[in-house]
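From a predicted model like this one, the values you see are computed outputs, not experimental measurements. Order of the sequence lines fixes the chain letters, A, B, ..., with proteins taken first and strands second; residue numbering starts at 1 for each chain.
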Amino acid sequence: MNMIGSLPPESQSNPDRRTMSIAVKFFASLREQVGKADTSVESQTVSSVQDVWELASGGRPMPANTLMAVNMDYVDANHPVVEGDEVAFFPPVTGG
Amino acid sequence: MNMIGSLPPESQSNPDRRTMSIAVKFFASLREQVGKADTSVESQTVSSVQDVWELASGGRPMPANTLMAVNMDYVDANHPVVEGDEVAFFPPVTGG
Amino acid sequence: MTVEIRNQDFDPYQEVSAYQREVLQADGKYGATAVFVGSMRDFNEGDEIRAMTLEHYPEMTEQYLEKISREAKQRWDLIDSLIIHRVGDVSPNEPIVVVAVWSAHRAAAYEANRYLMEELKSRAPFWKKETLVQGSRWVEKNT
Amino acid sequence: MTVEIRNQDFDPYQEVSAYQREVLQADGKYGATAVFVGSMRDFNEGDEIRAMTLEHYPEMTEQYLEKISREAKQRWDLIDSLIIHRVGDVSPNEPIVVVAVWSAHRAAAYEANRYLMEELKSRAPFWKKETLVQGSRWVEKNT
């Protein structure tokens, strides 16, 4: 990530309040709950993965065990997002 | 084994000094050192696996890491022997 | 170091055998091969399972499996590893995953294989949905 | 619970596959199969190895392998196990041993497989004699 350490994430990710476009994916039970697999958010105020969830899920509370990835790397909900990121939300994994 | 606990092994294994016949096997490097794979000892005085080694090997010292089995169960050199036993001597195992 | 996602049934033993013969080409170099096969049971949590659908996150799944394969190779003295994981509709007794690890000595093969499976189970983005006699459910406990 | 000593080359993956299909007959019951294959390397202790002869103690070897198979089954929740071990003249890259363990869940399969291999290596009466470029030697360190 091309963030700088000490600034608050919001001002880093979108310093001049351009409209960012973020691709969003939901998998498995979250896909069924939210009712969509793929969507995108376009916003001037989104700065973290948590913000993306709120916009993309229609404001529903995030289940406690939700896993999140930005550009296919695991992150937590505070992780900043930038224009063009792909953010994914999914329940605990059950492969193998 | 049909031994009784407190008597010394010698008197247990051959109480009335009959001649016992013990089958003996050597494996791997011990077979090559002793120069035979199979033999038997016939004796009135043999009472332990150690005694069997001495008779069957022609009195050579037993290598420190020698493994011993009586009737295909691992034992130590003090283990008593009885008529009809099969006693085997072999070096550390290297299977697998 | 190979990772494959398959959407059709496969024979894990033929896969390992073929990989060893055609790709690994390390005859005489490996003394140890540890193979784990996870296959679909017809019961879970006390219920009969008729079928299963395995969903994954295309690209992230492969990247994650490649990452843990690289980590295993850094951590143990391995010659190679192979992971094949099934997605899509799976029937009872079909293999879900095969992990194979080749090394000179057995400790590395055993330990790396277990490591790969534990990492795969805990973090690789796959999700199972079971079809029961009546209805279906997402698997929640991945024991 | 099967133990076999073989004096001819064999394909460990075909053996496990055939056993599973023809003997085990537990389709849908096992979720985990752990397989270990030990094969002959063409180098050991810094020397090139041309061939190997594997000696064993007929009957004691089988009894010992059956004993550890029973012990594993008592200690872990296993469905079945298979051990095949080679004896006689072995060439580089040929399999020496295959151990396969089937269970409902993976921990039992992994742990029991490792247990069987460690017990086999430390106590099963087999001995390896290596043919070097010049001469031959008994293997002394069984790493």
**OP:** Against chain B, label D/Thr53 side chain, backbone, both or neither, depending on which of its atoms sit under 4.5 Å from a heavy atom there.
**Re:** neither
Original post:
In residues 84-104 of chain D, which residues are in contact with chain B at a heavy-atom separation under 4.5 Å?
Top reply: D/His85, D/Ile96, D/Val97
Original post:
Once you round to the nearest 0.5 Å, how far does OH of D/Tyr57 lie from NZ of B/Lys25?
Top reply: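 Going from OH on D/Tyr57 over to NZ on B/Lys25, the span is 6.0 Å.
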Subject >> Nearest-0.5 Å distance that lies between atom CE in D/Met60 and atom CG in B/Asn71 >> reply: 10.5 Å
Could you check whether atom [atom1] of [X] has more than 12 heavy atoms from other residues, nucleotides or ligands sitting under 6.0 Å from it?
X: D/Glu71; atom1: CD; answer: yes
X: D/Asp9; atom1: CG; answer: yes
X: D/Gln134; atom1: CD; answer: no

Subject >> Heavy-atom contacts under 4.5 Å, residues 27-39 of chain B to chain D >> reply: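 At a heavy-atom separation under 4.5 Å, chain D is reached by B/Phe27, B/Ala28, B/Ser29, B/Arg31, B/Glu32.
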Subject >> Most chain B-contacting option - heavy-atom pairs closer than 4.5 Å, from D/Gln63, D/Arg123, D/Glu59 >> reply: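 Highest number of heavy-atom pairs under 4.5 Å: D/Arg123.
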Ignoring hydrogens and angles, write down the donor-acceptor pairs under 3.5 Å from the side chains of residues 88-96 of chain B, residues two or more places apart or on other chains.
residue, atom, partner, partner atom, Å
B/Thr94, OG1, D/Lys128, N, 2.8

**OP:** Quick one: list whatever passes side-chain contact (heavy atoms from CB on, under 4.5 Å) with D/Arg114, sequence neighbours left out.
**Re:** C/Ala107, C/Tyr110, C/Glu111, D/Glu118
